[in-house]
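Below you'll find the structure, written out as structure tokens, and then a few comments.
When a ligand or atom number is given, it counts from 1 through the structure's own listing order. From a predicted model like this one, the values you see are computed outputs, not experimental measurements.
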Amino acid sequence: MFRISELKPEHYSQIVEVWKDAGLPFKPHGRDSFEEIRRQMERNPDLFIGVFIGEELVGVCIGTEDGRKGWINRIAVKKKWQRHGLASRLIAEMERRLKAKGLKIFCVLVEDWNQPSLALFQKEGYVLHKDIYYLSKRESQDV
Ligand SMILES: CC(C)(COP(=O)(O)OP(=O)(O)OC[C@H]1O[C@@H](n2cnc3c(N)ncnc32)[C@H](O)[C@@H]1OP(=O)(O)O)[C@@H](O)C(=O)NCCC(=O)NCCS
């Protein structure tokens with residue numbers, strides 16, 4: 001019924017559609033712009049995956065890795081298809097791909113209000129660290 005496959009630059013508008021439908025804020029003038037996503041895809045083509053039902057892209061997940069840890073980013077599933085296990089499957093597939101690169105730690109940043117995402121990752125075995133703060137330094141709020 002569904003298939004998970006790699007995403008290409010030509011899927012960009014469908015990716016944005018998934019984020020919008022799922023209500024996930026994104027940075028269209030920063031790291032989520034078409035040019036930026038294309039650049040990131042060139043660097044890690046196997047870490048941009050989506051779940052399709054027929055020809056429709058209904059879920060998205062972007063992996064990143066810095067050689068020490070693998071990160072799961074921007075995971076989202078269209079509202080209509082939520083609670084069908086699709087995000088869990090995207091996580092499993094992303095972990096498989098990161099593991100193949102030799103990584104043994106998988107991480108995700110989740111905002112404290114995002115209960116569905118917190119529940120999702122904890123169900124998948126991720127441990128919540130209440131003693132860690134996220135700090136970042138950025139060129140502007142758009143990036
Ligand atoms: C978070 C999100 C990706 C989950 O996608 P999904 O395909 O519905 O998740 P799954 O069906 O694989 O759910 C797996 C488990 O996660 C937990 N879960 C998922 N959504 C939940 C919700 N709304 N409330 C509570 N638990 C939830 C449940 O334990 C669920 O298992 P169950 O259905 O057997 O109870 C989806 O809600 C979404 O797109 N949210 C908006 C985007 C977002 O916030 N992304 C995360 C950024 S960090």
Open item on the list: Any carboxylate oxygen within less than 4.0 angstrom of a Lys/Arg side-chain nitrogen, looking at Arg97 and Glu93?
Closed with: yes
Open item on the list: Strictly below 4.0 Å, N to O, side chains only: are Arg39 and Glu42 in salt-bridge contact?
Closed with: no
Task: ring-ring contact (aromatic ring centres under 6.0 Å, His included) against Phe48, all qualifying residues, sequence neighbours excluded - done: none
Task: By salt bridge (Lys or Arg N to Asp or Glu O under 4.0 Å) - contacts of Arg138 (at least two apart) - done: none
Task: Min side-chain heavy-atom separation Glu124-Ser88 under 4.5 Å - done: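 Heavy-atom side-chain distance check passes, below 4.5 Å.
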Distances for all N or O pairs of ligand 1 and the protein under 3.5 Å?
| unit_1 | atom_1 | unit_2 | atom_2 | d |
| --- | --- | --- | --- | --- |
| ligand 1 | 7 (O) | Ala87 | N | 3.1 |
| ligand 1 | 8 (O) | Arg83 | N | 2.7 |
| ligand 1 | 11 (O) | Arg83 | N | 3.4 |
| ligand 1 | 11 (O) | His84 | N | 3.3 |
| ligand 1 | 11 (O) | Gly85 | N | 2.8 |
| ligand 1 | 12 (O) | Ala87 | N | 3.3 |
| ligand 1 | 12 (O) | Ser88 | N | 3.0 |
| ligand 1 | 12 (O) | Ser88 | OG | 3.1 |
| ligand 1 | 24 (N) | Arg83 | NH1 | 3.4 |
| ligand 1 | 31 (O) | Lys123 | NZ | 3.1 |
| ligand 1 | 33 (O) | Arg83 | NE | 3.0 |
| ligand 1 | 33 (O) | Arg83 | NH2 | 3.4 |
| ligand 1 | 34 (O) | Lys123 | NZ | 3.1 |
| ligand 1 | 35 (O) | Arg83 | NH2 | 2.9 |
| ligand 1 | 39 (O) | Val77 | N | 2.9 |
| ligand 1 | 39 (O) | Val77 | O | 3.4 |
| ligand 1 | 39 (O) | Gln82 | NE2 | 3.4 |
| ligand 1 | 44 (O) | Asn114 | ND2 | 2.7 |
| ligand 1 | 45 (N) | Ile75 | O | 2.7 |

Task: Pairs touching residues 71-104 that satisfy ring pair (Phe, Tyr, Trp, His ring centres under 6.0 Å), sequence neighbours left out - done: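 Non-adjacent pairs meeting ring pair (Phe, Tyr, Trp, His ring centres under 6.0 Å): Trp81-His84.
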